[in-house]
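Okay, so here's the structure we're looking at.
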Protein chains: 2
Amino acid sequence: MLSNTCKYAIRALIYLGKFSENGEKIGIKKIAGDLDIPTPFLGKILQNLVKQKILSSTKGPNGGFGLGKPAEEISLYDIVKTIDGEDFFKNCLISLEPCSTNHANGKPCAVHGRFSEVRNELMEFYSQTSIAKIIGDMKGHEELIKL
Amino acid sequence: MLSNTCKYAIRALIYLGKFSENGEKIGIKKIAGDLDIPTPFLGKILQNLVKQKILSSTKGPNGGFGLGKPAEEISLYDIVKTIDGEDFFKNCLISLEPCSTNHANGKPCAVHGRFSEVRNELMEFYSQTSIAKIIGDMKGHEELIKL
DNA sequence: CAAAAATAATACTAAAAAGTATTTATTTGA
DNA sequence: TCAAATAAATACTTTTTAGTATTATTTTTG
């Protein structure tokens with residue numbers, strides 16, 4: 001499962017993709033208030049995303065946060081990789097150590113084969129799902145969908 | 001991702017399914033040593049599984065742990081549910097609160113629809129994969145597979 | 001029946017994740 | 001140019017997860 005930090009990040013990115021039109025910034029208090037996330041905690045998270053160029057930010061009056069690149073180019077995979085690390089996708093299901101696919105370097109675990117199909121679908125889901133697609137899904141059902 | 005506790009539990013169950021023939025018990029020191037898990041920590045975990053009747057145990061000399069039911073009847077789903085809780089499967093991907101499927105009671109989140117397919121496959125995987133099947137997969141490749 | 005071998009139970013410590021508080025730096029606009 | 005508004009940085013606290021240590025209980029066997 002995703003960490004709280006990561007969930008907050010994804011929701012903030014969807015929010016920004018949806019409400020920050022052409023480069024205009026939204027202040028962290030508004031974002032945190034609307035999404036019901038502790039403000040300073042969200043601050044820390046977004047600062048991290050700014051460093052990774054996924055977000056951009058400006059200080060001072062009328063400052064705030066906005067997407068750092070087109071919403072089409074931000075996938076859930078990018079976000080999870082940045083926050084929870086690539087291990088989230090690569091870790092072995094039942095062991096603390098990584099699990100190799102082939103027997104040459106290291107052994108796979110006992111469920112490696114069975115799990116790999118689902119893992120591939122997961123990877124597919126995370127890398128194919130962009131902020132833009134998510135926002136597209138919401139079009140027309142805004143008030144029916146939880147943010 | 002599964003908790004360490006849960007990973008340890010799964011590996012111990014595979015181990016017991018594989019090495020404890022017809023009801024004979026294996027001591028916790030041997031299990032923990034072979035699987036490289038801290039002994040007292042594994043003890044706590046296995047005691048929990050005994051309470052849930054997934055394992056059985058006997059004290060005293062020649063005592064130890066063994067499966068509490070046929071390996072065919074123990075699925076990964078059962079184990080994860082017992083250790084990490086059913087929330088592991090039901091939780092919303094991007095929110096801390098649960099996420100309803102229909103709009104009648106509560107709103108689904110913005111990725112609910114897209115994620116539900118993968119989630120179903122995950123559920124399928126966890127509930128269809130039994131300890132018996134995993135052991136079956138290992139047959140003939142024991143020394144090539146990590147436990 | 002006593003001693004030894006094992007699990008069971010309980011209480012404690014350490015590390016990581018989540019969250020809070022405070023201070024600093026930057027930008028804008030009056 | 002100064003004050004206000006904002007993000008950035010840093011340090012701290014709380015909660016949860018992971019792991020350790022100790023003691024009690026049960027069972028077998030000499």
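Protein chains get the first letters and strands the later ones, always in sequence-line order, with residue 1 at the start of each.
Listed here is the closest heavy atom pair of Thr39(A) and Ile28(A): O-CD1, 3.9 Å. The shortest non-hydrogen separation linking Ala12(B) to Ile31(B) is CB-CG2, 4.4 Å. When every heavy atom of Ser3(A) is checked against every heavy atom of Asp84(A), the shortest pair comes out as OG-OD1, 2.6 Å.
Nucleic acid contact class of Thr5(A) (heavy atoms, under 4.0 Å, all strands): sugar-phosphate only.
Salt bridge absent: Glu143(A) and Lys107(B) never bring a charged side-chain N and a carboxylate O closer than 4.0 Å. A salt bridge links Asp34(B) with Lys30(B): the closest approach of a Lys/Arg side-chain nitrogen to an acidic carboxylate oxygen falls below 4.0 angstrom. Using a 4.0 Å cut-off between charged nitrogen and carboxylate oxygen, Glu72(B) and Lys133(B) do not count as a salt-bridge pair.
In this structure, Leu96(B) atom CG and dT16(D) atom P are separated by 13 Å, rounded to whole Å. One can place CG of Leu42(B) at 16 Å from P of dA21(D), the figure rounded to the nearest angstrom. One atom, CG of Asn4(A), and another, P of dT17(D), lie 10 Å apart when rounded to the nearest Å. Atom CD1 of Ile37(B) and atom C1' of dG19(D) are 13 Å apart (whole Å).
Ring-centre distance between Phe89(B) and Tyr77(B): below the 6.0 Å cut-off.
Proximity of a side-chain donor or acceptor of Lys146(B) to a complementary backbone N or O of Pro98(A) within less than 3.5 Å is detected.
Taking only side-chain nitrogens and oxygens, Tyr8(B) comes nearer than 4.0 Å to OP1 or OP2 of dG19(D).
First and last contacting nucleotides of DNA chain C toward chain B (any atom under 4.0 angstrom from a heavy atom, 5' to 3' order): dA5(C) to dA11(C).
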Contacts under 3.5 Å, N or O only, protein and nucleotides 1-11 of chain D:
from: dA7(D); atom 1: OP1; to: Ile28(A); atom 2: N; distance (Å): 2.7
from: dA7(D); atom 1: O3'; to: Ser57(A); atom 2: OG; distance (Å): 3.3
from: dA8(D); atom 1: OP1; to: Ser57(A); atom 2: OG; distance (Å): 2.6

